[in-house]
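To keep things clear, I will list the structure first and then write my remarks on it.
Starting from 1, each residue takes its place in the sequence as its number.
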Amino acid sequence: SSVAGLIIGGALLAFVATTLLGFRVLDVASNSMAPALNRGDLILARPAPIDQVKQGDVIVFQEGQQTPVLVAHRVAAIDKYIVNATSKSTGETTSTTTVVLRTKGDANPQPDAQAVDAASYRGIVWLVIPGVGMPFLDYPVSQLFLDIAVITAVAWALYELIGPVRRRRARGRVGPAS
């Protein structure tokens, strides 16, 4: 019963973290970040504003337009662009800073061709669990957590429904005390 509670609690925590709090769970599909991240590792990325990212952080970002894929690479450089705009009607000048991240896989010889902007940035890698993602490399990890939560809830409900029936049957089999 306590094991079922731990499983349900863990599945619910994972579901809440990914669905409500914006965490991302990914399995590492290549060795571009070896030895820091290896194929089959499971990573958890926490949401954080792009302007809080530091050089050396491993981030998650979306790459590609036609078939977008999430990538985890290290920040090699940070470029900040300041754009000043003057309103024609008021004459007031406003400044905005745009942050662009230059990334590179630790095992890759060259930096990534595309810079990461705020629109493609998804978060900072917060936790790495080595080898756990290997069985799920071709299964969407976010769907996996939902499936585990549903299966665990159904198993717990069945246990709760069947338990009283078993106890009643067991009491009925026990003869009167002599």
Side-chain angles (χ1 to χ4, degrees), residues 1-79 99-159:
S1 174
S2 61
V3 172
L6 286 172
I7 292 171
I8 290 172
L12 288 175
L13 179 64
F15 180 74
V16 167
T18 56
T19 304
L20 302 178
L21 301 178
F23 280 73
R24 302 220 179 240
V25 180
L26 306 156
D27 50 339
V28 178
S30 76
N31 283 317
S32 68
M33 279 296 295
L37 300 174
N38 295 297
R39 187 173 195 279
D41 289 352
L42 197 68
I43 59 175
L44 181 64
R46 66 176 173 80
I50 195 169
D51 58 358
Q52 289 183 2
V53 175
K54 296 182 288 304
Q55 188 172 345
D57 285 345
V58 177
I59 63 163
V60 173
F61 58 95
Q62 182 175 313
E63 186 176 72
Q65 299 298 325
Q66 303 299 338
T67 53
V69 79
L70 291 176
V71 176
H73 278 177
R74 192 172 308 278
V75 175
I78 301 172
D79 297 331
V99 176
V100 178
L101 308 172
R102 303 286 176 181
T103 56
K104 179 184 177 296
D106 289 357
N108 293 347
Q110 299 295 320
D112 298 336
Q114 288 293 116
V116 177
D117 60 9
S120 58
Y121 166 75
R122 298 293 182 261
I124 298 172
V125 172
W126 181 62
L127 177 68
V128 178
I129 306 172
V132 173
M134 189 58 83
F136 311 109
L137 279 174
D138 295 324
Y139 196 81
V141 176
S142 57
Q143 182 65 41
L144 174 68
F145 280 121
L146 182 59
D147 292 349
I148 289 172
V150 168
I151 290 168
T152 304
V154 168
W156 177 75
L158 288 173
Y159 173 79

Return yes if some donor-acceptor pair links the side-chain N/O of Asn108 with the main-chain N/O of Pro111 below 3.5 Å, else return no.
-> no

For the side chain of Arg74 and the backbone of Lys104, is there at least one donor-acceptor N/O pair under 3.5 Å apart?
-> no

Mind listing the closest non-hydrogen atom pair of Asp57 and Gln52 along with its distance?
-> OD2-O, 4.4 Å

What distance separates Leu127 CG from Asp41 CG, expressed to the nearest 0.5 Å?
-> 10.5 Å

Can you name the nearest heavy-atom pair linking Tyr121 to Phe61, along with the distance?
-> CA-CB, 4.2 Å

Does Gln114 CD have over 12 foreign heavy atoms under 6.0 Å away?
-> no

Only one of Asp106, Leu42, Ile43 clears side chain to side chain contact (heavy atoms under 4.5 Å, CB included) with Leu37; which?
-> Ile43

Identify the two heavy atoms, one from Ala115 and one from Val100, that lie closest to each other, and give their separation to 0.1 Å.
-> CB-CG1, 3.1 Å

Closest non-hydrogen contact found for Arg39 with Asn31 is N-OD1, 2.9 Å

Interatomic distance, Leu101 atom CG to Ile59 atom CD1 [nearest 0.5 angstrom] = 4.5 Å

From CD1 (Ile124) to CD1 (Ile50), nearest 0.5 Å | 10.0 Å

Determine yes or no for a side-chain-to-main-chain donor-acceptor pair under 3.5 angstrom, with Arg102 supplying the side chain and Ile78 the backbone.
-> no

Side chain Gln55, main chain Ala76, donor-acceptor under 3.5 Å | yes

Could you pull out the closest heavy-atom pair between Ala72 and Met33, with the gap in Å?
-> O-CG, 3.1 Å

Counting N and O atoms only, with roles assigned by atom type, does the side chain of Asp117 sit under 3.5 Å from a partner on the main chain of Ala119, one being a donor and the other an acceptor?
-> yes

Looking only at heavy atoms, the pair that brings Ser30 and Val28 closest together is O-CG1, 3.2 Å

